[in-house]
S.K.: 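This is the structure I have questions about; it appears just below.
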Amino acid sequence: MKKNVLIVIMCVLCQFWAGTQLKALTVATPPADEQGDVQVLEAEHPEIIERFVAKVESAGQLEAVLGDKINCIDTLVVEGTLDAADFDALWRTTYYGNTTVIDMVGADCSGKIPDCAFYKQDIQVDENEKFTSIKLRSIVLGDDITEIGESAFRSARKLERMNIPEHLQLIGQYAFAACSGLNVPLFVFPEGIEIQLGAFLRSGLIGKAVFGDVKLIGDDCFYGTRLLDVVFNGTVDKIGFEAFRDCEFTYADFSKVEELSASVLYGARECTQIVLNDNLTTIPFYFARCCSALELCNIPQKCERIESDAFYLCEKLQDVEFPEGLRAIDYSAFAECQSLKMLQFPASLENLGQWAFSGCSGVVLLGSRAMTPPVCGKDVFDGVSEDAPLLVPEGTAELYRNAPGWNRFRIILETSYFPSSVDEVFASDADSRICGGIGEIRIVGSNSAFCEVYATDGRKVTQARIADGAATIEVKAGIYLVRLGGKVAKVQVK
């Protein structure tokens, strides 16, 4: 009998112990649903506290202050001094618990949100590499915060609202990366801020970002973020690699940016105009690659080099002005820019890289002021019409006619006049007529002041003034090329 009673007691104790351990295990590692959200243990906490003020008397006491309420608070207001243990407690309230809003205006955390404060990769990513986000939707930071640490809010996918503290000086690497639910109408970044690598990488929607003086906008900083407008009111020391790649703003005024890295605007498909600082000496590779809506971009007056693919596939880019001092245009820099109409190269140009203007099918007029034809890589002008006139300095037509790349053009004309706008030139003489007669060339209906007549080998034969829109030019029998502004016509004189 005594033995049977002991057996019954042992069975009861085993069941109690097993139940306790199962309950503890369930609380410590709550399962995630199919959307990656933590399931709430409704049976444990049937009532949610809408707002709770936690007054922390000394650092490290937040968990004790919250007590058994830690998992059932919606809006948590924290006051007092916080340390690393307190930030762990905050993370638990929004990961295991139900906290969606945290107000830290009254909290003292020595001016810094710690690294990985709300991101615990070893816990939030399970053995199947399935990620579970915290529930935080809004964070309010005090203006005494000067630094937000690395990955502080990384992958807080439900985070919608946050503020930029008035005295913030540093946003660490990936601090808000992958906060895909972010929806903030305006960010005003304080003077002198440094924003590091990937700080807002692929982070939802930012309506407008306003910057004063900025030390750094790091690599990948806003890559993939729906940034709709950006304003620089001060000097920007440097913008890093792919910093604004795939953003959605329509106008980029970089006139106060002193250094640009590669791919800064790669894939910014909504951007229609870019303004660059005239002191820049290089436009880096992939700078505005695939900006398919881009229409206008100035080439800085001190620019010496335009690197590879800088404006590749900018299909709507209109005529650009290449400044004197430019020495090189690299591989595919303007390839597939089909809306370019005129290319005027400065006397300083030395090299054109392979496919630099390949696919620029809209070009109707070219000019090169260089006395020595710039060296061309393979297929520089592939896709540009061979019948587009090429204007070159007097005495250089034969050099260009024998130079690789330039020799694809059938009409090479020597001139001292290089028009600045093909639109203006063509518009002014759109209705003019040029025709050959017996011993003469006749021009009627022209708005130009003079015209030039060339032999078919490019030598200038003569030029004439045009009075009252008409001119008659006496020449010997033969075939001539007549240039009227930017319009070139082939005529036969008997």
Side-chain angles (χ1 to χ4, degrees), residues 299 319-329 340-352 356-357 363-376 380-381 384-426 428-429 432 434 436 440-443 446-467 471-493:
I299 306 301
D319 296 325
V320 294
E321 295 184 16
F322 298 114
E324 191 61 46
L326 181 67
R327 298 186 180 280
I329 300 175
L340 288 175
K341 296 178 182 178
M342 181 174 71
L343 301 175
Q344 290 281 21
F345 302 113
S348 58
L349 189 67
E350 298 172 355
N351 289 281
L352 291 173
F357 294 91
V363 171
V364 296
L365 180 66
L366 302 92
S368 174
R369 297 175 186 267
M371 296 301 294
T372 300
V375 176
C376 289
V380 168
F381 298 107
V384 178
S385 173
E386 296 176 356
D387 293 321
L390 170 61
L391 308 180
V392 299
E394 293 179 349
T396 64
E398 196 63 24
L399 293 175
Y400 278 88
R401 195 171 287 112
N402 293 308
W406 302 103
N407 59 4
R408 79 175 269 113
F409 298 106
R410 295 170 180 164
I411 304 173
I412 299 178
L413 307 178
E414 296 180 353
T415 184
S416 59
Y417 168 71
F418 292 86
S420 60
S421 170
V422 72
D423 288 329
E424 292 177 7
V425 172
F426 273 74
S428 66
D429 282 293
S432 64
I434 305 171
E440 64 182 18
I441 298 170
R442 295 189 299 274
I443 298 172
S446 173
N447 293 319
S448 294
F450 68 94
C451 71
E452 297 170 315
V453 180
Y454 296 86
T456 54
D457 62 1
R459 291 179 298 104
K460 183 188 287 188
V461 176
T462 187
Q463 66 181 35
R465 291 190 175 277
I466 298 173
T472 300
I473 306 163
E474 294 183 359
V475 292
K476 296 179 180 179
I479 297 176
Y480 296 91
L481 300 173
V482 181
R483 185 164 77 87
L484 194 61
K487 183 177 182 178
V488 178
K490 182 183 290 187
V491 296
Q492 182 174 6
V493 175

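All values below were derived from every heavy atom in this structure, side-chain atoms included, with hydrogens, water molecules and symmetry-related copies excluded.
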S.K.: If you take all heavy atoms of Val461 and Ala455, which pair is closest and at what distance?
M.R.: CG2-N, 3.5 Å

S.K.: Evaluate whether atom CD of Glu350 has more than 12 neighbouring non-hydrogen atoms of other residues, nucleotides or ligands under 6.0 angstrom away.
M.R.: yes

S.K.: If you round to the nearest 0.5 Å, how far is CZ of Arg401 from OG1 of Thr396?
M.R.: 9.5 Å

S.K.: Any chance you could measure Leu343, atom CG, to Leu340, atom CG, to the nearest 0.5 Å?
M.R.: 6.0 Å

S.K.: Is any side-chain heavy atom of Val475 less than 4.5 Å from a side-chain heavy atom of Ile441?
M.R.: yes

S.K.: From Arg327 CZ over to Ser348 OG, what is the distance, rounded to the nearest 0.5 angstrom?
M.R.: 6.5 Å

S.K.: Closest heavy-atom contact between Met371 and Leu399?
M.R.: O-CD1, 3.7 Å

S.K.: Do Asn407 side-chain atoms and Asn402 backbone N/O form a donor-acceptor pair below 3.5 Å?
M.R.: no

S.K.: Can you see which heavy atom on Ala403 is nearest to which on Pro373, and at what distance?
M.R.: CB-CB, 3.8 Å

S.K.: Evaluate side chain to side chain contact (heavy atoms under 4.5 Å, CB included) for Ile473 paired with Ile443, printing each intermediate quantity in order.
M.R.: CA-CA 8 Å; Ile473 306 163; Ile443 298 172; 4.2 Å; yes

S.K.: Thinking salt bridges, do Glu414 and Lys460 make one under a 4.0 Å N-O criterion?
M.R.: no

S.K.: So does Asp319 pair up with Lys341, basic N to acidic O under 4.0 Å?
M.R.: no

S.K.: If every non-hydrogen atom of Phe450 is compared with every non-hydrogen atom of Leu484, which pair is closest and at what distance?
M.R.: O-CD1, 4.0 Å

S.K.: Is Arg410 reaching over with its side chain to a backbone N or O of Ala388, donor-acceptor style, under 3.5 angstrom?
M.R.: no

S.K.: Can you confirm if the aromatic rings of Phe345 and Phe357 lie within a centre distance of less than 6.0 Å?
M.R.: yes

S.K.: Side chains of Tyr454 and Arg483, heavy atoms from C-beta outward: is any pair under 4.5 Å?
M.R.: yes

S.K.: Would you mind reporting whether Met342 and Val363 have side-chain heavy atoms less than 4.5 Å apart?
M.R.: no

S.K.: Under a 3.5 Å distance rule, please check whether Trp406 uses its side chain to pair with a backbone N or O of Pro374 as donor and acceptor.
M.R.: yes

S.K.: How far does CG of Leu365 sit from CG of Leu413, to the nearest 0.5 angstrom?
M.R.: 9.0 Å

S.K.: Please give me the minimum heavy-atom distance between Pro404 and Cys376, naming the atom from each residue.
M.R.: O-CB, 3.5 Å

S.K.: I'd like to check Phe322 versus Gln344 (side-chain heavy atoms, cut-off strictly below 4.5 Å). Are they in contact?
M.R.: no

S.K.: Run the numbers on Leu481 and Ile411 for side chain to side chain contact (heavy atoms under 4.5 Å, CB included), then give the verdict.
M.R.: CA-CA 8 Å; Leu481 300 173; Ile411 304 173; 3.7 Å; yes

S.K.: For the residue pair Leu366 and Leu391, establish whether any side-chain heavy-atom pair is separated by less than 4.5 Å.
M.R.: no

S.K.: Calculate, to the nearest 0.5 Å, the distance between atoms CG and OG1 belonging to Leu390 and Thr415 respectively.
M.R.: 11.5 Å

S.K.: Determine whether the side chains of Tyr400 and Glu398 contain a donor N or O and an acceptor N or O closer than 3.5 Å.
M.R.: no

S.K.: Could you report the tightest heavy-atom contact between Val493 and Glu440, atom names first, then the distance?
M.R.: CG1-N, 3.5 Å

S.K.: For the backbone of Ala347 and the side chain of Glu324, can you confirm whether one donor and one acceptor N or O come within less than 3.5 Å of each other?
M.R.: yes

S.K.: Could you tell me which residues satisfy ring pair (Phe, Tyr, Trp, His ring centres under 6.0 Å) with Phe409, sequence neighbours excluded, listed by chain and number?
M.R.: Phe381

S.K.: Rounded to the nearest 0.5 Å, how far does OG1 of Thr462 lie from OH of Tyr480?
M.R.: 10.0 Å

